[in-house]
Amino acid sequence: MKTIKLRAGKERSLQRRHPWVFEGSIAKGGGDSGETVRLESTEGEFLGWAAFSPQSLIRARVWSFDEAERIDAAFFQRRIAAAIAVRARLPIASNAMRLIHGEADGLPGLVVDRYDDVLSVQFSSAGTERWKPVIADALLAATGLTRIFERSDANVRALEGLPEVRAWLRGDGPTERTIQEHQWQLTLDVAEGHKTGYYLDQRDNRKKFADTVRQYGCQRVLNCFSYTGGFSVAALAGGATDVTSVDSSGPSLARATAHVALNGFDPAHHKALDADVNATLRQALQNGERYDAIVLDPPKFAPTAAHAERAARAYKDINRLALKLLQPGGLLFTFSCSGGIPPDLFHKIVAGAGLDAPADGFILDRVGATPDHPQTICFPEGEYLKGLLILKR
């Protein structure tokens, strides 16, 4: 077993059970891509077993802080079984859910989503790549399923020196699936959809939006960055009669329109607009449009803290425009999925947008990802999705 020695003082984060070791923290030692290494302090104190990544700034990702534990096939079987057992206890109103959420489940670099009878899996680290066949076998054994589609096509693969992969890993067949979510149905393609196929992390927020639209009697709703219209279906389920989905992807909007029909809503109550969101908001303002509720669910503007300043300007602009477009007493459901924008900064950005609008509002709720996308107390970086539900004064 190869040993990595850390620089003096760099052991503290590992002693707090933070699972990452950065390049600059290492005094000496190395390993092959994905190889399990022993982490030690300068005094030789054991700190953890980790997967080494020679090309990434995150040089080691911890598998275990237990010196007696061995990183073998049985280790992955135990971790996978434990993660699935937790999901079995959660109130998940769907046949689609996240089964493995990387570091939160003690499996850094591994994401596994279940879409009915198919697993969609993303291996984003050198360590998970090295153990891929073992992990695949353990997943099928734990779930009783027979098919795994690999969605290892995220940009972070390049940082690990790994090629992109998008193909069947186990089994084959059609990649389209229809899932149940609360009281409605949604379709997706595990091969072509965003992330691993869909945004499962917004499941409960879509239900909250439906309930809030109903509670406040919202009729005219604008869903920005709508993708395949999950929040639009939620708005219609809440009783809205004039819902517009705005996105720059024609195929996504076509699926949004199909979702309206699939769930039995009147197509006349929904409009799909293939357009740039910023330009649409500005044009609506110029035209004197007003809405009872607006959803802002943009893509990741700030993947890291280094992008935060530029991203803040983008978030502030769309929130300023949305607040101006809302009727008094209207609802803004605004989100950031950027890991580089912490919740307190996101609140400040939206507050700045309100000052510029000018508009104020009551924060009715602060929301995050569904519980099957957990954040642990030792890994604050796991909190990526944050949202504010605001009632305009």
Side-chain angles (χ1 to χ4, degrees), residues 199-218 220-227 230-232 234-235 238 240 243 245-246 277-278 281 284-285 290-303 305 307-371 373-375 380-393:
Y199 293 97
L200 297 177
D201 51 2
Q202 290 279 31
R203 180 195 314 116
D204 292 348
N205 293 329
R206 287 188 282 267
K207 176 62 163 59
K208 178 176 287 291
F209 188 59
D211 294 343
T212 308
V213 164
R214 183 181 299 107
Q215 179 183 352
Y216 286 87
C218 301
R220 196 159 193 237
V221 177
L222 182 65
N223 180 15
C224 300
F225 310 99
S226 63
Y227 188 43
F231 279 105
S232 299
V243 179
S245 299
V246 185
V277 167
N278 293 66
L281 293 174
L285 196 59
R290 290 295 181 269
Y291 295 92
D292 301 317
I294 297 176
V295 177
L296 295 178
D297 188 19
K300 189 184 296 183
F301 288 163
H307 301 85
E309 185 176 347
R310 183 176 63 184
R313 291 193 293 270
Y315 284 121
K316 183 179 179 181
D317 193 40
I318 58 174
N319 279 277
R320 177 183 63 83
L321 293 168
L323 286 167
K324 290 173 78 71
L325 284 166
L326 278 176
Q327 298 275 18
L331 296 166
L332 174 62
F333 213 172
T334 180
F335 295 95
S336 165
C337 64
S338 296
I341 303 289
D344 59 338
L345 176 57
F346 185 58
H347 185 167
K348 290 176 182 176
I349 292 169
V350 177
L355 287 173
D356 287 355
D360 197 0
F362 299 111
I363 297 177
L364 300 181
D365 204 356
R366 299 173 186 269
V367 299
T370 49
H373 295 63
Q375 177 197 358
E381 290 87 347
E383 184 176 13
Y384 67 100
L385 180 65
K386 70 286 299 182
L388 296 172
L389 178 54
I390 298 168
L391 178 68
K392 184 177 177 179
R393 293 179 66 180

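Residue numbers count from 1 along this sequence.
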>> Tell me whether Arg320 is salt-bridged to Asp317, with the criterion being a basic N under 4.0 Å from an acidic carboxylate O.
In response: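 Yes.
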
Lys208 with Asp204: basic N within carboxylate O range, under 4.0 Å |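 Asp204 and Lys208: not salt-bridged.
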
Side-chain contact test, heavy atoms from C-beta onward, threshold under 4.5 Å: evaluate it for [X] versus [Y] and give yes or no.
| X | Y | answer |
| --- | --- | --- |
| Asn205 | Phe209 | no |
| Thr370 | Leu200 | no |
| Cys224 | Leu281 | yes |
| Leu389 | Val367 | no |
| Leu285 | Arg290 | yes |

Side-chain donor-acceptor pairs of residues 340-358 under 3.5 Å, sequence neighbours excluded:
unit_1: His347; atom_1: ND1; unit_2: Arg366; atom_2: NH1; d: 3.4
unit_1: His347; atom_1: ND1; unit_2: Arg366; atom_2: NH2; d: 3.2
unit_1: Asp356; atom_1: OD2; unit_2: Lys316; atom_2: NZ; d: 3.0

Rounded to the nearest 0.5 Å, how far does [atom2] of [Y] lie from [atom1] of [X]?
| X | Y | atom1 | atom2 | value |
| --- | --- | --- | --- | --- |
| Lys392 | Leu323 | NZ | CG | 6.5 Å |
| Tyr227 | Asp297 | OH | CG | 11.5 Å |
| Ile318 | Leu321 | CD1 | CG | 8.5 Å |
| Leu326 | Arg220 | CG | CZ | 11.5 Å |

Before giving the answer on side-chain contact (heavy atoms from CB on, under 4.5 Å), spell out for Cys337 and Leu385 the whole-Å C-alpha distance, their side-chain angles and the decisive distance to 0.1 Å. CA-CA 4 Å; Cys337 64; Leu385 180 65; 4.0 Å; yes

Steps toward side-chain contact (heavy atoms from CB on, under 4.5 Å) verdict (Leu391, Leu331): CA-CA 5 Å; Leu391 178 68; Leu331 296 166; 3.8 Å; yes

Under a 3.5 Å threshold, yes or no: a donor from one side chain and an acceptor from the other, between Ser232 and Ser245?
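Yes, a side-chain donor-acceptor pair sits under 3.5 Å.
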
Would you check if there is a donor-acceptor pair between the side chains of Tyr384 and Asp201 at a distance under 3.5 Å?
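Indeed, the side chains of Asp201 and Tyr384 share at least one donor-acceptor pair under 3.5 Å.
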
TODO: List the steps, then state whether ring-ring contact (aromatic ring centres under 6.0 Å, His included) holds for Phe231 with Phe335.
DONE: CA-CA 12 Å; Phe231 279 105; Phe335 295 95; 5.7 Å; yes

| task | Output, in order, the C-alpha distance, side-chain angles, deciding distance and verdict of side-chain contact (heavy atoms from CB on, under 4.5 Å) for Asp292 and Val221. | result | CA-CA 6 Å; Asp292 301 317; Val221 177; 5.6 Å; no

- Item | Full working for side-chain contact (heavy atoms from CB on, under 4.5 Å) between Val246 and Leu222 | CA-CA 8 Å; Val246 185; Leu222 182 65; 3.7 Å; yes

Specify the closest pair of heavy atoms between Arg206 and Ala234, including all atoms of both residues, with the distance to one decimal.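 The answer is O-CB, 3.2 Å.
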
Task: Non-hydrogen atoms of Pro299 and Phe225 that approach each other most closely - done: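 In this case the closest contact between Pro299 and Phe225 is CD-CD2, 3.7 Å.
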
